[in-house]
Protein chains: 2
Amino acid sequence: MLSIWLVLVSCIDFVLYSSAEEGLVFPSFDGRDRVLNVNERNYKKALKKYDMMCLLYHEPLPSDKELQQQFHMREMVLEQFRMNKNRHIEESIYVFKDERVIEFDGELSADTLVEFLLDLLEDPVELISNPMEQRAFERMDEDIRLIGYFKGEDSEHYKAFQLTAEKFQPYVKFFATFDKGVAKQLTLKMNEIDFYEPFMDEPVTIPGKPNTEEEIVDFVNQHRRPTLRKLRAEDMFETWEDDMDGIHIVAFAEEEDPDGYEFLEILKEVARDNTKNPDLSIVWIDPDEFPLLTTYWEKTFKVDLFRPQIGVVNVTDADSVWLNMPNDEALPSAEELEDWIEDVLSGKVNTEDDDDDDDDDDDDEDFDDDSSDEDHYGSDDDD
Amino acid sequence: MLSIWLVLVSCIDFVLYSSAEEGLVFPSFDGRDRVLNVNERNYKKALKKYDMMCLLYHEPLPSDKELQQQFHMREMVLEQFRMNKNRHIEESIYVFKDERVIEFDGELSADTLVEFLLDLLEDPVELISNPMEQRAFERMDEDIRLIGYFKGEDSEHYKAFQLTAEKFQPYVKFFATFDKGVAKQLTLKMNEIDFYEPFMDEPVTIPGKPNTEEEIVDFVNQHRRPTLRKLRAEDMFETWEDDMDGIHIVAFAEEEDPDGYEFLEILKEVARDNTKNPDLSIVWIDPDEFPLLTTYWEKTFKVDLFRPQIGVVNVTDADSVWLNMPNDEALPSAEELEDWIEDVLSGKVNTEDDDDDDDDDDDDEDFDDDSSDEDHYGSDDDD
């Protein structure tokens, strides 16, 4: 199985920059090979040599000429930090940092991977020491966050918290405060840790303070799947694979668009009302953040992503049904949305019924991938 | 001069997707050539054929073998929507839409270019019709925004507003409302248009309502350079080229980081206090949004971008001086920041003094005033 390992070593530190326009120069390939070929004989040495190492694990090189060319292409692209991962070839990227091995399961673009690596270099726990920083903390409602109040850097409970933070970095954000005033504002007692689910106003306190590392890890693992979660480039595949019995409830909404924002507020209200329901986890996708997938989603799901949408997607065949929202002025109320979600969870609305009936807006004819003449944006009703 | 035109036609619509994991499949190259070679004979036909066309204009192919290989590489990458622009080879990307030619002067990555193209397909004017949408509008404080109150879709003044919006799309955002309640909240009278500078609380009303297209265009052009502007991938090179007598005041701050957020709030306060000063335009860069440039900036400017920074950068040689902030707990107050900015604008703090002296705290040498082209300000806009 294991045959070739490509290692992108300390990749953040190794680039040569072209120098025509000063101050804003993207790295470009200088011809020097910095991707090491790692095999069973030399991998230990490589692990020792570098503080942080990023590794692409892939299948043996194919003999077929076309595939070989494809591989060669990918290697060139990797050299430029422009990586392309073909999901149906089994490949993985691992980062080795200290004693930890972290799998990268996000979008394989240079931006996302480098951001991921930079995030791993940050302090695992951020300190909140004044009201302004507290406001910054409160604004980050898209992330799973923990915040603890400790005596100071030397506190053993703070140290346990720090060790836990390293385990979840960079996916779950850890904060701490040593400041009495901040703690009071957040209603935190000494050595108490609060867990904030994304988009919820109120946190949950981890019981049994002071907490051991194991207790915190267990609590995070148990509460890790939120009622409403935003799809993020850095762990999009992991999120997608974490489906609910083969389906996802997916909501598309552009936060920067007035309709999208309005729809999202309704969605958050529904999530807050239903946060106790373990069967509910809605994936919110902001199409603005995935421009390369937008057209693919529109074709696959047969929806117009210039407006908000919510639907059920079967993850094995990408079959889907979508809530009928005739126009921008007819967004559902929180109650209507809740009724629809109930119908989804009870199975009344599902992706299979749709197959033998076409009373919704979409036409069910097969989409011809080659029809390139009239692009379907032209026929949009929005213009 | 003109020799080869590469055209990426209707590129959004042309991709074939691999299909192993349903619901989340990035486009991958299928081997079919969709980049057309356009020359003097066929460009008219191409322009007629497509609603929107994206064009890469480049120099004749170099004879030198290495450069040729580089070009070949770029073409392959272009095929994958993974584009790499080498800024010191003169190349440009233009989008042809209706009667308009829009130069793309942003980061040449697939994500950014496709997002730019998708933005161009949106309605040029967004309607704000209820309090929730108004809140969405108010949250977009990073962008230059205009909002007008009109009788309805058929109003001739609204039509003039729409035509203007098309001219500035997607860089300047245009909104309108036909709703009396929203207009009242925004203190807009009938046919009145307000201009919002980024990060300012109060808008400026365009004088002389109702306004003609020409009046709105002139007003936007005159007010287009804000006191504080965020560097955006979609027009980063344009922004960088719009320097103030050869320098930029650059602030690095991660909005998602507590210290970065705090620093940014101080910066906004300074910008609000100084919005009437035509000599001041600060470029705010969030390093999180430019992971591929972070290491380059750290090396070039010799600063630690894991913390907030503010400095003066000479755009011709990337020489720079940075405000001394010993640690995270010692962010400057708004007053201290204002004093430092005053020193920059008066020339007391400048990038040249730093050269003959390693101690970068303020020294009092005279500013070497070799460039005093005063009328640079506000003159070099628009096509």
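Per chain, numbering begins at 1; letters A, B, ... match sequence-line order. The figures that follow rest on heavy atoms only: side chains count, while hydrogens, waters and symmetry mates do not.
Proximity to chain B (any heavy atom under 4.5 Å) is restricted, for A:Leu231, to the side chain, taken from C-beta onward. Only the side chain of A:Glu126 comes within less than 4.5 Å of a heavy atom of chain B; its backbone N, CA, C and O stay farther away. Proximity to chain A (any heavy atom under 4.5 Å) is restricted, for B:Thr294, to the side chain, taken from C-beta onward. Contact annotation for A:Asp123: neither backbone nor side-chain heavy atoms come within less than 4.5 Å of a heavy atom of chain B. Only the side chain of A:Glu254 has a heavy atom closer than 4.5 Å to any heavy atom of chain B. At a 4.5 Å heavy-atom cutoff, A:Phe116 makes no contact with chain B through either its backbone or its side chain.
Proximity of B:Met140 to A:Pro258: side-chain heavy atoms (C-beta onward) are separated by under 4.5 Å at one or more points. B:Leu292 has its side chain out of reach of A:Glu115: every pair of non-hydrogen atoms, C-beta onward, lies at least 4.5 Å apart. Annotation: side chain of A:Glu133 is not in contact with side chain of B:Tyr261 (no heavy-atom distance under 4.5 Å). The shortest distance between side-chain heavy atoms of A:Asp111 and B:Glu289 does not fall below 4.5 Å. B:Phe306 places a side-chain heavy atom less than 4.5 Å from the side chain of A:Leu121.
Taken to the nearest 0.5 Å, the CG atom of A:Asp259 stands 7.0 Å off from the OG atom of B:Ser129.
Interface summary for chain A: among B:Gly260, B:Pro291, B:Pro287, the most heavy-atom pairs under 4.5 angstrom belong to B:Pro291. Annotation: maximal heavy-atom pairing with chain B below 4.5 Å, among A:His248, A:Lys173, A:Gln134, A:Glu265, occurs at A:Glu265. When each of A:Val250, A:Asp288, A:Asn314 is scored by its heavy-atom pairs under 4.5 Å with chain B, the top score falls to A:Asp288.
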ask   = A:Met132 and B:Ile266: side-chain contact (heavy atoms from CB on, under 4.5 Å), yes or no, with the steps?
value = CA-CA 10 Å; A:Met132 188 72 90; B:Ile266 299 167; 5.5 Å; no
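The pair B:Arg139-A:Glu255 meets the salt-bridge criterion, since a charged nitrogen lies less than 4.0 angstrom from a carboxylate oxygen. With salt bridges taken as basic N to acidic carboxylate O contacts below 4.0 Å, none links A:Arg135 and B:Glu262.
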